[in-house]
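Below is one structure, written out as structure tokens; the observations come after it.
Values below: every heavy atom of this structure, side chains too, minus hydrogens, waters and symmetry copies.
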Amino acid sequence: MPPQSSRPPQPPQTSRSPRPTAAARPRRSYDQYCAAARGLDAVGDRWTLLIVRELLAGPRRYTDLHADLPGVSTDVLASRLKDMEQHGLSTRRKLPPPAAAYVYELTDRGRELLPVLQALAAWGAPALAERGPTDAVRAHWFALPLLRSLAALDAEGVLEVRLDEGVFHVWTGGGVEGYGEGEAPGEPDARIALDAATCAAVVRGELTLGEGVRGGRIELTGEGVLAKALRAT
């Protein structure tokens, strides 16, 4: 089990926002007394779940969100963020000086969408067989499917992942899992370096991390429990 200090700090906790009532129903609603329909009322609009994907990595400024959501217009992004606040999925707060900037972050209810996005990523992984010439890519977009692979190892720890497109880190075990952009705060339990094509093969289930290491496609460093579990896959 990794030392407690290796786990990255969790996003600031916010009070759980109340569920929307019938009176607070969105202007676009299916008007169905169905749990799935009510869920889609909140997150079914285009871009909303991808904004959640970005905020699961931690608080983000508006400009950072816009940069990592290529294709979204400023008007649509602002509208979706406003809708998410109304649904109790996210909040906006001002950073203390000298930053004096606003950031958006998920509420507890918003963070409950992590397993929803993990399931959606697992379902959509086969569609990563080919990368289109206009497809954008960010390194941390691979975090969701990688989390599912790590959870299957039943090994607790923090993994730092380096691609040509950037660096991100994921943590799993002990009933807590999540991801963040950039290098892991503190010393991670393991590090891997690979290219996007290899990472896509891993998330499609065509290659395990251990097979990638043994085949020379993935560079793995670390000697702890998590690193050993990765080598054994």
Side-chain angles (χ1 to χ4, degrees), residues 9-95 101-128 136-138 140-148 151 168 170-172 175-181 203:
Q10 302 301 304
Q13 294 298 309
T14 57
S15 58
R16 183 178 296 275
S17 300
R19 266 70 170 168
T21 63
R25 210 147 318 150
R27 59 182 180 274
R28 297 177 299 275
S29 173
Y30 289 102
D31 290 323
Q32 296 180 12
Y33 192 65
C34 162
R38 291 290 171 83
L40 288 172
D41 282 347
V43 299
D45 282 335
R46 182 173 169 82
W47 295 106
T48 300
L49 282 176
L50 296 185
I51 296 172
V52 173
R53 177 197 65 192
E54 297 303 310
L55 294 181
L56 280 168
R60 305 288 298 278
R61 295 180 303 174
Y62 180 90
T63 53
D64 296 328
L65 283 171
H66 190 257
D68 278 340
L69 290 166
V72 69
S73 70
T74 55
D75 287 346
V76 168
L77 178 56
S79 175
R80 295 296 182 269
L81 287 168
K82 181 178 179 181
D83 290 344
M84 287 173 62
E85 287 190 70
Q86 290 177 343
H87 282 287
L89 302 179
S90 66
T91 60
R92 189 179 74 136
R93 64 180 173 89
K94 190 173 185 178
L95 294 175
Y102 285 93
V103 293
Y104 295 86
E105 59 190 342
L106 294 177
T107 62
D108 291 342
R109 182 155 171 79
R111 285 190 287 274
E112 289 173 358
L113 287 165
L114 173 60
V116 176
L117 277 165
Q118 285 179 284
L120 182 61
W123 182 80
L128 295 179
V137 64
R138 302 289 188 273
H140 66 277
W141 293 350
F142 290 105
L144 284 165
L146 280 180
L147 270 177
R148 290 178 66 90
F168 66 95
V170 297
W171 62 91
T172 185
V176 179
E177 60 181 356
Y179 59 91
E181 284 193 274
V203 303

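Leu56 CG to His140 NE2: the interatomic distance, rounded to the nearest 0.5 Å, is 10.0 Å. For the atom pair OG (Ser79) and CH2 (Trp47), the distance works out to 13.5 Å, reported to the nearest 0.5 Å. Here CG of Leu113 is found 11.0 Å from CG of Leu120. Values are rounded to the nearest 0.5 Å.
For the residue pair Ala151 and Glu177, the shortest heavy atom distance occurs at CB-OE1, 4.3 Å. In terms of heavy-atom proximity, Asp45 sits nearest to Asp83 at OD2-OD2, 4.3 Å. Scanning both residues, Gly180 and Trp171, for their nearest heavy atoms gives N-CZ3, 3.9 Å. Of all heavy-atom pairs between Val170 and Ala143, the closest is CG1-CB, 3.9 Å. Residues Ser90 and Leu55 come closest through the heavy atom pair CB-CD1, 4.3 Å. In terms of heavy-atom proximity, Ala67 sits nearest to Arg138 at O-NH2, 2.8 Å.
At least one side-chain heavy atom of Val52 sits less than 4.5 Å from a side-chain heavy atom of Met84. Taking the side chain as every heavy atom from C-beta outward, Leu146 and Phe168 approach each other to under 4.5 Å. Side-chain contact between Glu105 and Thr91 is present, with at least one heavy-atom pair separated by less than 4.5 Å. Residues Val203 and Leu144 fail the side-chain proximity criterion, which asks for heavy atoms closer than 4.5 Å. For the pair Asp31/Asp41, no side-chain contact is recorded, criterion being any heavy-atom separation below 4.5 Å from C-beta on. In this structure the side chain of Leu81 reaches within 4.5 angstrom of the side chain of Leu65, judged on heavy atoms. Within the 4.5 Å cutoff, side-chain heavy atoms of Val43 are placed close to those of Leu89.
In this structure a side-chain-to-backbone donor-acceptor pair under 3.5 Å is present from His66 to Val72.
Sorted by first and then second residue, the pairs that involve residues 47-62 and meet salt bridge (charged side-chain N to carboxylate O under 4.0 Å, His left out), not counting sequence neighbours, are Glu54-Arg60, Arg60-Asp68, Arg60-Glu181, Arg61-Asp64.
Contact check on Arg92 versus Glu85 returns no salt bridge, with no Lys/Arg side-chain nitrogen under 4.0 Å from an Asp/Glu carboxylate oxygen.
Residues satisfying the side-chain contact (heavy atoms from CB on, under 4.5 Å) test with Val137, not counting sequence neighbours, are Arg131, Phe142, Glu165. Here Leu40 pairs with Tyr30 under the side-chain contact (heavy atoms from CB on, under 4.5 Å) rule; sequence neighbours left out.
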